[in-house]
Amino acid sequence: MFKKLKAKFLGLNIVVNYRKILPYVKPYWGRALIAVLITIPIGSMDAVIAWALKPYMDVVMVEKNTGGASTFLIPILIIVFSSIQSLLTYTATYLNTWVGQKVAMDVKKTLFGKLMRYNASFFDKNTSGDIIFRFNNDVDSACSGLLNNMKLFTTRLFSSISLICVLFYNSWQLAIVATLILLGALFPLTRVRKKIKGLMDKSVFSGSAVMTHFNETYSGNRIISSYNLYEYQNKRFCDTLDSVFSIGMKMVQRTGMLSPLMHFIVSFGIAAVIWLGSYLIVTAQITSGSFVSFIAALIMLYNPIKSIGNNFNSVQMALMAMERVFTNLEKVPEIMNCKNPKILSKPTNSIEYKDVKFSYVKDKEVLKDVNLKINIGQTIAFVGNSGGGKSTLVNLLPRFYDVTGGKIEIDGTDIKEFDIDSLRSNIAIVFQDNFLFGGTIRDNILLGKENATEEEINKAVKHACLDEFISGLEKGLDTQIGERGVMLSGGQKQRIAIARAFIKNAPIVILDEATSALDNKSEAIVQQAIDNLMADRTVFIIAHRLSTVRNADKIVVVNYGKIVETGSHDELINKENGVYASLYHTQLH
């Protein structure tokens, strides 16, 4: 019961999240500690001004004595202390910002490393906007909020402690009344968080949706132009913005009364203090100076409390961003190494699918009891209806996804027992739409082998049929290709991808409809490069054009998640009422 009550308070969430982030603050603990320690005098100095008013008021206002030392000394001390406080505030802000950005960078590096290890299903389920928001924006919000909250909390803590001391110093009776009202003013904060959590989650979703629209517009700008989708895309964007606005206004409806309510409660405290203080002055229990000092301290204590409601949303957003960041940090990828994984050096015997089942969605099987054996050195082509499971079958080999039933073996060992990096280092893939990174042609080819020699690069370029194209470029291999290779044709992109696969020199090659998106001229050049790549390797071909797989050692026909036919081109083309023969003759006509 006690733990449940504590969980309702904002402070517990702050403490829990701060404890989690301590390992990231540890390298910079010196500056972080100084930044925290500086807040002690920053907060405590608030009490100096309030305390100084007592002797000043008693001497000058009551005794009418303007010749005493306190008349000149106290104003000077107030200026000096305020100057020191301002300087310390600047120093704390600078140190907090420095530490915050360093921590944010380190967290982003860790998250980015985890992001790259997430399996393909994670990217299937999340939009680019979601990922940018959760792995970048949330970190900035969490880390900046972390230090701002810490600075605010420690400053207010020591300011409140010192001001409450001034209150009790001047009048313990008034101090008890003021403290009780203070606790009453803070009570609404404990009730609001639960009410706005759902709205904040929706706000995050809407914010990521806005980013997704920008990403889609950037990547799909030619589709938008060619189909005149300006109004359509603009309407979607405006609808999302309207949703963001609606959520923002609901947030105001639920939290907007917080500051006015606290202001109203605080006014009772001030009224009660004035009423009781007047009685205490008349009965000579406190002096006028004590009363003025008390009122000054009380206002300095209450003012931040009255305005805290305005900052509550941003504080909560920072805390929830922190929770999402730690959710991602603590998330374990679905596909990872087993304990004591084996290293796959080079396949020597066979690759075998045994009773393989797979589902993207539970209870909806894409592959059903697939059994297939491929000898090392063979070329296997997968053909069949669109959506039948060809690409899925091949994507299971490098463990982009894990089988949901059965197993895949290489040389008699389940691929789940191999180190993932060593497994994938034995596989080179050329996709239908290959992704190229911003940079030069050389940069993208070297992704296959970072330490490749100039001789290896030239050999890869030649075998990928890129030599003539590159020789016609002013800067050759060092030509910039733009983001995603936008300055290249489809055939040129494919040949760079093939050169990248060449230089990797993996014993297993996967060709995922590598020529289906090309025109006849480009296809002929790319096909020659592919033929060079296939030499002396185990090759998996996913093909739409059946004319490209005639020379495969084995053709596997996959329909609706099952293997329905297997054999060479000659065997299958002569099979009566065969699926392959029907597909082949249909394409010819």
Side-chain angles (χ1 to χ4, degrees), residues 11 14 18 25 28-57 59-61 68-104 140-141 143-170 178 182 185-186 259 262-263 266 270 289-290 292-315 318:
I14 296 175
Y18 279 9
V25 179
Y28 318 109
W29 71 269
R31 296 194 186 205
L33 181 61
I34 293 171
V36 172
L37 292 176
I38 286 175
T39 60
I40 297 175
I42 291 173
S44 301
M45 284 182 186
D46 284 341
V48 173
I49 297 173
W51 173 82
L53 286 174
K54 180 185 184 305
Y56 186 80
M57 294 300 296
V59 172
V60 177
M61 301 298 291
S70 60
T71 305
F72 304 99
L73 186 59
I74 290 176
I76 293 173
L77 285 175
I78 290 174
I79 293 172
V80 171
F81 274 100
S82 295
S83 300
I84 295 172
Q85 190 180 42
S86 299
L87 182 61
L88 291 175
T89 300
Y90 167 77
T91 305
T93 300
Y94 176 84
L95 290 174
N96 273 317
T97 303
W98 189 91
V99 173
Q101 291 189 3
K102 282 287 188 179
V103 171
D140 289 330
S141 298
C143 291
S144 62
L146 160 79
L147 294 163
N148 288 336
N149 291 342
M150 182 178 288
K151 179 187 172 187
L152 180 67
F153 176 76
T154 53
T155 301
R156 293 301 175 210
L157 174 64
F158 289 104
S159 174
S160 299
I161 291 172
S162 59
L163 287 169
I164 289 173
C165 288
V166 172
L167 296 183
F168 277 95
Y169 170 76
N170 286 296
L182 175 65
L186 290 173
S259 282
M262 296 173 82
H263 186 91
V266 163
I270 295 174
S290 295
V292 171
S293 175
F294 187 96
I295 290 293
L298 184 64
I299 291 173
M300 293 175 75
L301 180 65
Y302 277 177
N303 272 340
I305 303 301
K306 289 191 296 183
S307 62
I308 200 170
N310 297 328
N311 302 323
F312 189 72
N313 286 357
S314 59
V315 171

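In this text the structure is predicted, and so the values were computed from the model without any measurement.
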State the [atom1]-[atom2] distance between [X] and [Y], to the nearest 0.5 angstrom.
{"X": "T93", "Y": "L88", "atom1": "OG1", "atom2": "CG", "value": "10.5 Å"}
{"X": "I79", "Y": "I84", "atom1": "CD1", "atom2": "CD1", "value": "12.0 Å"}
{"X": "N96", "Y": "I34", "atom1": "CG", "atom2": "CD1", "value": "11.5 Å"}

What pair of heavy atoms forms the shortest contact from A35 to A92, and how long is it?
O-CB, 4.2 Å
For V99 and A32, which heavy atoms make the closest approach, and how far apart are they?
CG2-N, 3.9 Å
